[in-house]
Amino acid sequence: MRLRPLGPGAPSVGVIGYGGMHLSIQDRPPEEQGIRVIHAALDGGVTLIDTADVYCLDQNDIGHNERLIARAVRSWRGDRDRVTIATKGGMVRPSGRWEADARPEQLRAACERSLKALGVDRIALYQLHAPDPRVPFAESVGALAELQREGKIRWVGLSNVSVTQIRAAEEMVQVVTVQNRLNPFFREALEQGVVGHCAERGIGFLAYSPTGGGRLNRKLPTHPVLHSIASRLGVSPHALVLAWVLAQSPTVIAIPSARKVEHALDSVAAGELSLSEGDLEAVDRAEFSRR
Ligand SMILES: NC(=O)c1ccc[n+]([C@@H]2O[C@H](COP(=O)([O-])OP(=O)(O)OC[C@H]3O[C@@H](n4cnc5c(N)ncnc54)[C@H](OP(=O)(O)O)[C@@H]3O)[C@@H](O)[C@H]2O)c1
């Protein structure tokens with residue numbers, strides 16, 4: 001597995017991380033299967049696991065994914081010190097809906113809950129899940145800066161943000177990572193300059209939904225351009241797409257999810273895959289319908 005720095009002042013991590021979301025939201029597998037998937041990803045060289053307090057069914061289930069990941073890492077026989085767990089605060093799940101709530105008091109309470117769920121004294125990477133339109137952005141970021149000063153979090157990350165918001169946050173705190181969506185169907189992070197800004201600053205860009213997300217990833221195997229390149233290279237269309245995502249910039253790290261061990265292993269394999277200029281351009285030019 002190739003390595004890349006997580007961000008300024010943070011160690012390198014495998015270029016393919018693991019996103020835990022699908023182990024805890026609707027259609028989640030039994031917990032023992034989830035643990036096998038996480039162990040397979042770690043055995044394959046994954047050193048960054050992404051989670052969030054809201055990866056769960058609803059507000060009564062908050063922390064499900066954090067508890068599961070903590071359990072999996074504790075029971076893994078490898079070098080646990082190499083594993084970085086990144087979580088997030090700033091959203092809530094009333095009746096299962098996804099809503100922003102990044103008020104400072106909610107972020108503080110969420111951080112305390114995440115510390116318990118993860119069973120740690122300090123969270124390695126704590127990310128603002130999304131800006132809350134009802135709360136001044138500086139207040140949400142200020143709350144993370146305060147939690148960092150208190151030693152409850154080591155590194156601060158942002159998610160679902162624009163370049164303007166990243167710059168504003170950089171005035172207040174060292175931004176270590178930015179987590180936005182990036183895949184061939186959704187290229188806004190490239191077009192709107194977020195990936196470029198992260199590269200300039202050495203900020204790790206954590207590409208979420210890197211294979212397209214829960215619905216669109218299912219279109220990859222029958223995509224004509226992907227199918228033809230993947231067959232020639234002897235890799236899966238998912239691995240090809242992950243390699244395309246990683247090739248977009250030197251600070252990109254992809255965090256695919258998986259409920260199946262074979263999917264996690266296939267994604268890990270993409271950490272070794274480099275694409276030719278011609279193949280990258282072919283994917284660049286191909287049409288990816290979101291419908
Ligand atoms: N910050 C945010 O707002 C935000 C939003 C969404 C996601 N995320 C993060 O990003 C992570 C990934 O995003 P995502 O789950 O939306 O999208 P994704 O990883 O692109 O796709 C999810 C599904 O694709 C399938 N898949 C992935 N790799 C595969 C492979 N190599 N072969 C076959 N199938 C494969 C998996 O199916 P199976 O489940 O059947 O194995 C997986 O559940 C999440 O877990 C979460 O950590 C963050």
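Both ligands and their constituent atoms are indexed starting at 1 by order of listing. All values below were derived from every heavy atom in this structure, side-chain atoms included, with hydrogens, water molecules and symmetry-related copies excluded.
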>> Suppose we measure from atom 48 (C) of ligand 1 to each protein heavy atom; which comes out shortest, and what is that distance?
In response: Q179 OE1, 3.0 Å
> Closest non-hydrogen protein atom to atom 47 (O) of ligand 1, residue and atom name please, with distance?
Replying inline: D50 OD2, 2.6 Å
> Where is the nearest protein heavy atom to atom 25 (C) of ligand 1: which residue, which atom, and how far?
Replying inline: N217 OD1, 3.4 Å
> Could you go step by step and tell me if R232 and D279 meet the salt bridge (Lys or Arg N to Asp or Glu O under 4.0 Å) rule?
Replying inline: CA-CA 11 Å; R232 173 165 48 75; D279 287 342; 2.7 Å; yes
> With a 4.0 Å cut-off on heavy atoms, does H129 reach ligand 1?
Replying inline: yes
> Is there any N or O on T211 that sits under 3.5 Å from an N or O of ligand 1?
Replying inline: yes
>> Is it true that, when you exclude R82 itself, more than 12 heavy atoms of the residues, nucleotides or ligands shown sit nearer than 6.0 Å to its CZ?
In response: no
>> If you measure every N or O of M21 against every N or O of ligand 1, does any of those distances drop under 3.5 Å?
In response: yes
> Would you say K88 touches ligand 1, if touching means a heavy atom closer than 4.0 Å?
Replying inline: yes
> Are S289 and K219 close enough that some pair of their side-chain heavy atoms sits under 4.5 Å apart?
Replying inline: yes
> Can you tell me which residue and heavy atom of the protein come closest to atom 16 (O) of ligand 1, and the distance to 0.1 Å?
Replying inline: S209 OG, 2.8 Å
> Do you see a donor-acceptor pair shorter than 3.5 Å between the side chains of E170 and H197?
Replying inline: yes
>> Quick check: do Y18 and P256 have side-chain heavy atoms less than 4.5 Å from each other?
In response: no
>> Check this for me, if you would: do D43 and R36 make a salt bridge, where the nitrogen-to-carboxylate-oxygen distance has to be below 4.0 angstrom?
In response: no
> Which of the atoms of ligand 1 are close to G20, meaning less than 4.0 Å from one of its heavy atoms?
Replying inline: 45 (O), 47 (O)
> Nearest to atom 3 (O) of ligand 1 by heavy atom, N65, V37, N160: which?
Replying inline: N160
> Just heavy atoms, cut-off under 4.0 Å: does S159 contact ligand 1 by side chain, backbone, both, or neither?
Replying inline: side chain
> Are R108 and E146 close enough for a salt bridge, meaning some N to O gap below 4.0 Å?
Replying inline: yes
>> Please list the nearest protein heavy atom to atom 11 (C) of ligand 1 with its residue and the distance rounded to 0.1 Å.
In response: I255 O, 3.1 Å
> Starting from atom 35 (C) of ligand 1, which protein heavy atom do you reach first, and at what distance in Å?
Replying inline: H238 CD2, 3.3 Å
> Between S236 and ligand 1, is there a nitrogen or oxygen pair with a distance under 3.5 Å?
Replying inline: no
>> With the threshold set at under 4.0 angstrom, would you say A239 reaches ligand 1 through any of its heavy atoms?
In response: no
> Which atoms of ligand 1 are found less than 4.0 Å from any heavy atom of K260?
Replying inline: 40 (O), 41 (O)
> Considering distance alone, does some N or O of L242 sit under 3.5 Å from an N or O of ligand 1?
Replying inline: no
> So, E66 versus T51: side-chain donor-acceptor pair below 3.5 Å or not?
Replying inline: no
> Heavy-atom distance under 4.5 Å between the side chains of F288 and V225, does that happen here?
Replying inline: no
>> My understanding is that we take every heavy atom of each candidate and find the minimum distance to atom 6 (C) of ligand 1. Doing that for Y208, Y55, Y18, which one comes out nearest?
In response: Y208
> Which residue from G213, S257, P29 reaches closest to atom 42 (C) of ligand 1 through any of its heavy atoms?
Replying inline: S257
> If you measure from the Lys or Arg side-chain nitrogens to the Asp or Glu carboxylate oxygens, is any gap between R181 and E188 under 4.0 Å?
Replying inline: no
> Quick one: nearest non-hydrogen protein atom to atom 37 (O) of ligand 1, plus distance?
Replying inline: H263 ND1, 3.6 Å
> Which residue owns the protein heavy atom closest to atom 39 (O) of ligand 1, what's the atom, and how far is it?
Replying inline: R259 NE, 2.6 Å
> Hey, which atoms in ligand 1 end up nearer than 4.0 Å to a heavy atom of D266?
Replying inline: 30 (C), 31 (N), 32 (N)
>> Ignoring hydrogens and geometry beyond distance, is a side-chain donor-acceptor pair present between H39 and S75 at under 3.5 Å?
In response: yes
> Which heavy-atom pair separates S159 from P131 by the least distance, and what is that distance?
Replying inline: O-CD, 3.6 Å
> Which is closest to atom 28 (N) of ligand 1 in terms of heavy atoms, P237, S267, A270, P256?
Replying inline: S267
> Which of these passes side-chain contact (heavy atoms from CB on, under 4.5 Å) with Q59: R97, R93, E99?
Replying inline: R93
